[in-house]
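Chain naming here is simple, since letters A, B, ... match the order of the sequence lines and numbering starts at 1 in each.
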Amino acid sequence: MSLTIHFTLNGSPVVFEVEPEERLVHTLRERAGLTGTKLGCGIGECGACSVLLDGKLVPSCLVLSAQADGHEVTTIEGLSKNGLSDLQRAFVEEGAVQCGYCTPGMVMAGEAVLRRYQRPTTRQIRAGIAGNLCRCTGYAKIVSAIRKTARRRAHRRSGR
Amino acid sequence: MLNFLRLSSLADVSEMLWADGPVSALIAGGTDLLVRPERLASARILIDISNLTELGGIGVTPDGDLRIGAAVTHQEIADDDTVRRHAHLLAQACAQVGSVQIRNRGTLGGNLANASPAGDSIPALLCLEARVALVARERGRAVPINEFFVGPAKTVMQVDELIESVRIPLRRGRWVSFFEKAGQRKGMCCSKASVAFLAQRHGDRRLTGVRVALGAVAPTAIRVPAAEAALEGQVLTLERARAAAEACREAARAIDDIRSTRDYRREAVSALLLQGLLPLYDRMRALARPRRRSRRRR
Ligand SMILES: Cc1cc2nc3c(=O)[nH]c(=O)nc-3n(C[C@H](O)[C@H](O)[C@H](O)COP(=O)(O)OP(=O)(O)OC[C@H]3O[C@@H](n4cnc5c(N)ncnc54)[C@H](O)[C@@H]3O)c2cc1C
Ligand code: FES
Ligand code: FES
C-alpha cells in the first residue's frame, strides 16, 4: 500500500508516492533524484544522510518519508542553489574534503551549528559534528572550515 | 503488508491500540524502532505519534509537577529553561544521548518504552523520582519510575497503553546534579555504564536528599542506597566520595555482553561517580572559601 505525501523540498512543494516503510533518504535519492544526500550505515551512526527537517539536523535514514508529510526538508542541494555556499567554499579552501562521502552530511551538520550559534566555540563545533563520521580527513580541517565560515558570517553581519 | 497511520488525537490512537494493539507499533522518533528490523517485520500497522500535540509540550501542572510530553525530543529537553530550572539532571542526561541528529528525533517516551538498561534518561528520572503517566482508551494511571521497568525491554505497559508524559515533582532549594557516561563513542548508541547524581546543597555545605542511580550495569537501571547513605547529611569529603564510589562498584551486577565486560563496568561506575563528585568537591570548597578570605582582608 503506497501513500501520497506532500512536503516542501528545498523551498518548493513536492508530492511523492511512497511505501509505508520507506526512509526519507531513499525518497530524496531515488524519487527526487537528489543524490547529494548519501546513505552510509542506514542505522543513525554515521551522519552521511543528514538533512534539515524543519530546520533541525536529522538522520534521513531514520525518518520515514511518511513522517515528512507536511514538513520542510532542506538537503545539500538546497544550500547550494546559487553555486557553492560559503561553508562549502571554506571546506574546499581548508582541504576538508578527501573522498567526499561524508561531506554533504558534514556540511549539513556544520550549517546546523552555524544557525544555532553565531560564534560557535571549537567545543560546540566538535559536538555539532560528533554524529558524523569521516574516515579520511581527521576532522581538524572540517572544524577549521566551519570556524572560518562563522568568522566570515560574523564579519558580514557587522557590515564590514 | 505494512500500513502507516497518522492519527490526529490521542483518543484515536487509544482506540486503535485497543482494537489492534498486538499488530500495531507506535512510532515517535523512530531511532529505536527503525534500527530493529525484527520489530518492524512483526508490525502490520505503524502509528505515527510524533505530531500529536497532546504528547508534546513542557510545563508545570496545577498540582505542582513538571510535565514533559512523551513525544518531546531529547534536544528539546536539553535546551528547555523550565527543565533546566526544575530538573537540571534530566537536561544533563538528555544532552548526552547519541548525536545532535539522534537527539533531534529521539523522544523521552521512546527512551522509556524501549526500556533498554542503558537508556540514558532512566537513571536521571530514578533520581528525580518521576512518574510515568500512561493512558489507555478509558483509563489512565501514573506509575512511579522505579516500578515501570520489569526487565530489559520489559515494562508494566499493557498492549493498549501508551506513555502520555513524564511527571517530575518540583523541588525547593538548591540542588546539584550530574550525569556521567562511558561508551564507545559520543554519538553512538548505548552507554556501557552511566551514573546519575542528585543532592540538595545547604549553606553549611552538607548534602541531603542524595540520590545515586546507575545505568547499563543491571537488567534495569538501579538506585544505589549504600552510595546515597555514604553521602547523606554530610559535607562532601574525598573519603566519603571514595566510599560512595566503592558502593557503586559493589552494586553493579553487570554481566559480560557484546558491549562490555562485567569487570570493566564495575570499574567504570565507580570511576564515573568520582569523575562527577571531584569537580563538585572543588566547587563546594570554592563556595566556602571566598567568605573566609574577604574576612581576612578586612
Ligand atoms: C545512533 C544511535 C545512537 C543512540 N544513542 C543513544 C544514547 O546515547 N542514549 C540512549 O538512551 N539512547 C540512544 N539511542 C536510542 C534511541 O535514540 C533512544 O532510546 C530514543 O529516546 C528513542 O526514542 P524514539 O522516539 O526515537 O523511539 P521510537 O523508535 O519511535 O520508539 C521506540 C519504541 O518505543 C515505543 N514508543 C515510542 N513512544 C511511545 C509512547 N509515547 N508510548 C508507548 N510506547 C512508545 C515504540 O512503539 C517503539 O517500540 C540511540 C539510537 C541510535 C540509532
Ligand atoms: S546513513 Fe544515516 S546515519 Fe548513517
Ligand atoms: S572525506 Fe572521506 S569520509 Fe570524510
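Atoms CG and CG, from A:Leu62 and B:Leu33 in turn, are 10.0 Å apart once rounded to the nearest 0.5 Å. From A:Ile129, atom CD1 reaches atom CD of B:Gln101 across 10.5 Å, with rounding to the nearest 0.5 Å. Taken to the nearest 0.5 Å, the OG atom of A:Ser65 stands 9.5 Å off from the CZ atom of B:Phe4. Going from atom CD1 of B:Ile102 over to atom CD of A:Glu45 covers 8.0 Å, rounded to the nearest 0.5 Å.
A 6.0 Å sphere centred on NZ of A:Lys141 holds no more than 12 heavy atoms belonging to other residues, nucleotides or ligands. In B:Arg283, the CZ atom is not crowded: 12 or fewer heavy atoms of neighbouring residues, nucleotides or ligands sit closer than 6.0 Å.
Scanning both residues, B:Ser99 and A:Gly131, for their nearest heavy atoms gives CB-CA, 3.3 Å. When all heavy atoms of B:Leu2 and A:Glu21 are compared, the closest pair comes out as CD2-CB, 3.8 Å. Considering every non-hydrogen atom in both B:Ala28 and A:Gln67, the closest pair reads O-NE2, 3.0 Å.
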Please walk me through it: do B:Arg103 and A:Leu57 pass side chain to side chain contact (heavy atoms under 4.5 Å, CB included)? CA-CA 9 Å; B:Arg103 289 194 295 277; A:Leu57 191 72; over 6 Å; no
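Per-residue counts of heavy-atom pairs under 4.5 Å with chain A were compared for B:Leu5, B:Asp79, B:Leu40, B:Thr31; the largest is that of B:Asp79.
With a 4.5 angstrom heavy-atom cutoff, B:Ile27 touches chain A via backbone and side-chain atoms both. Neither the backbone nor the side chain of A:Arg126 comes within contact range of chain B; no heavy atoms are under 4.5 Å apart. With a 4.5 Å cut-off on non-hydrogen atoms, A:Ala127 touches chain B through its backbone but not through its side chain.
Paired with A:Lys56 under the rule side-chain contact (heavy atoms from CB on, under 4.5 Å), one option of B:Glu76, B:Arg105, B:Gln75 passes, and it is B:Glu76.
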